[in-house]
Amino acid sequence: MPELPEVETIRRALAEYCLNETLETVSVKTPALIKNASVDRFSNEFHHKQLVEIERRAKFLIFNFENRYMVCHLGMSGIFLKDASQSRFPQHIHLIWEFKSGKRLYYQDVRKFGKFWLYDTQPDFTNLGVEPFSEHFTFERLKALIQHKKTGIKLFLMDQSNIAGIGNIYASEILFRAGISPLKKCSDLSDREIRSLYSAIQEILQSAIKNFGTTYSAYRTVSGENGQNQNFLKVYQKAGLPCHQCATPIEKIILGNRSTFYCPRCQK
DNA sequence: TCTGACCTGCGA
DNA sequence: TCGCAGGTCAGA
């Protein structure tokens with residue numbers, strides 16, 4: 001499911017809903033989702049702790065409960081809900097947080113690819129690449145990352161150790177915005193193309209955050225509503241439809257086992 | 001570098 | 001009934 005814009009949308013909504021709340025209990029219905037602790041330890045560590053900060057790194061959410069850290073990756077279908085009464089999949093609610101104030105938060109994940117971790121110190125995520133909205137993400141940095149790689153540019157964008165947070169939807173959309181074919185090799189990109197790519201990454205992600213993320217199936221906001229960014233996509237899931245710039249039919253190909261959409265005329 | 005596995009629901 | 005779906009990882 002969620003790529004950087006969806007995770008950031010969720011982070012902002014959770015901060016509004018439950019920042020500074022004190023946790024009464026965490027009920028774990030599906031122990032397999034907890035990756036590095038027993039269910040008992042996981043629940044006990046957060047008992048009566050206040051949620052003092054919610055951060056995002058790439059597609060990970062980091063909940064700081066007074067220096068006990070709960071880290072969550074939403075996988076393909078994980079969402080947080082304030083109210084589970086309208087959920088279509090109540091059987092797939094795997095975690096329930098209950099706050100002292102009486103508020104509740106539900107973690108739902110149909111495909112169970114999501115994961116949770118417990119850390120005693122702030123996790124550092126050394127295996128992740130540069131954050132697209134950080135000061136470290138500059139044109140020079142992007143150029144240095146790209147210029148000697150022989151891999152295709154779309155696979156480069158989706159590799160979390162290069163730039164962290166881009167997934168399959170936004171990789172296609174970013175390349176369309178930049179006018180670069182997903183088949184092009186990194187090492188063949190000109191300075192001008194890398195500059196276009198640099199702008200496209202920030203513009204596409206920023207605009208998706210502004211639109212509360214892209215809903216195709218599982219993703220919902222914390223309030224259970226659809227995101228709006230699917231209404232603004234230019235190529236993703238548009239195979240056969242005319243390109244909005246040149247009317248050439250959008251093509252679908254498979255790269256790295258993932259569907260990839262592009263305009264063969266606009267993207268060279 | 002590529003493929004399959006993980007898991008479930010949905011639409012063709 | 002089968003293929004596909006927004007992610008990640010292990011193993012070949």
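Reminder, nothing fancy here: chain letters follow the sequence lines and each chain counts from 1.
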Within 45° of the six-membered ring axis of A/Phe139 and under 6.0 Å from that ring's centre, is NZ or CZ of A/Arg195 located there? yes
Figure out the CE/C1' separation between A/Met76 and C/dC4, and round it to whole Å. 9 Å
How long is the line joining CG of A/Asp159 and P of C/dG7, in whole Å? 13 Å
Report the distance from atom CD1 of A/Ile169 to atom P of C/dG7, rounded to the nearest whole Å. 7 Å
Roughly how many Å apart are B/dG11 and C/dG7, using the C1' atom of each and rounding to a whole number? 22 Å
Side-chain heavy atoms nearer than 4.5 Å, only ILVMFWY residues, links allowed to pass through others: does that put A/Leu19 and A/Phe99 together? yes
Atom-to-atom span, CD1 of A/Ile79 to C1' of B/dT8 - whole angstrom: 14 Å
Taking only side-chain nitrogens and oxygens of A/Arg111, does any of them come within less than 4.0 Å of OP1 or OP2 of B/dC6? no
For A/Phe113 and C/dG7, do the ring centres fall under 5.5 Å apart while the planes stay under 30° apart? yes
Closest approach to the side chain of A/Gln91, judged atom by atom: which nucleotide of C/dA5, C/dT8, B/dG9 is it? B/dG9
Would you say NZ of A/Lys210 has more than 12 non-hydrogen atoms from neighbouring residues, nucleotides or ligands within 6.0 angstrom? no
What contact category does A/Lys59 fall into here, base, sugar-phosphate, or nothing, at under 4.0 angstrom with non-hydrogen atoms? sugar-phosphate
So what does A/Gln230 hit on the nucleic acid, given a heavy-atom distance under 4.0 Å: a base, only sugar-phosphate, or nothing? nothing
If you count the non-hydrogen atoms of other residues, nucleotides and ligands that lie under 6.0 Å from NZ in A/Lys185, is the total more than 12? no
Would you say A/Ser259 places a side-chain N or O within less than 4.0 Å of OP1 or OP2 belonging to C/dC4? no
Stem finding on DNA chain C, please: runs of three or more consecutive Watson-Crick or G-U wobble pairs, both distances under 3.5 Å, sorted by first number. B:1-6 with C:7-12, B:8-12 with C:1-5
Regarding A/Lys252, tell me which of base, sugar-phosphate or nothing describes its non-hydrogen contacts under 4.0 Å with the strands shown. sugar-phosphate
Whole-Å distance, A/Arg220 CZ to C/dA5 C1', equals 14 Å
State which of C/dG7, B/dT3, B/dT8 makes the closest approach to the side chain of A/Asn257. B/dT3
For B/dT1, take OP1 and OP2 only and decide whether either is under 4.0 Å from a side-chain N or O of A/Lys185. no
Atom CG of A/Asp109 to atom P of C/dA5: distance rounded to whole Å? 18 Å
Side chain to side chain donor-acceptor pair (under 3.5 Å) between A/Ser85 and A/Asp83: does it pass, once the steps are laid out? CA-CA 6 Å; A/Ser85 64; A/Asp83 176 1; 2.7 Å; yes
More than 12 non-hydrogen atoms from neighbouring residues, nucleotides or ligands closer than 6.0 Å to CD on A/Gln91, yes or no? yes
Show, in sequence, the C-alpha distance, side-chain angles and deciding distance for A/Tyr236 and A/Tyr170, and conclude whether the ring pair (Phe, Tyr, Trp, His ring centres under 6.0 Å) test is met. CA-CA 8 Å; A/Tyr236 183 78; A/Tyr170 297 115; 8.7 Å; no
With heavy atoms under 4.0 Å as the rule, sort A/Phe89 into base, sugar-phosphate or nothing. sugar-phosphate
How far, in whole Å, is B/dG9 from C/dT8 if one measures between their P atoms? 22 Å
Please verify the inter-ring angle class for A/His92 with A/Phe89; under 30° counts as parallel, over 60° as perpendicular, anything in between as tilted. tilted
In this structure, how many angstroms lie between the P atom of C/dA10 and the CG atom of A/Asn127, rounded? 11 Å
Over how many whole Å does the gap from A/Glu6 atom CD to C/dG7 atom P extend? 9 Å
Report yes if a side-chain nitrogen or oxygen of A/His92 is closer than 4.0 Å to either non-bridging phosphate oxygen (OP1 or OP2) of B/dG9; otherwise report no. yes
Of the options B/dT1, B/dT8, C/dT8, whose atoms approach the side-chain atoms of A/Val110 most closely? B/dT8
N or O in side chain of A/Lys112 less than 4.0 angstrom from B/dT8 OP1/OP2: yes
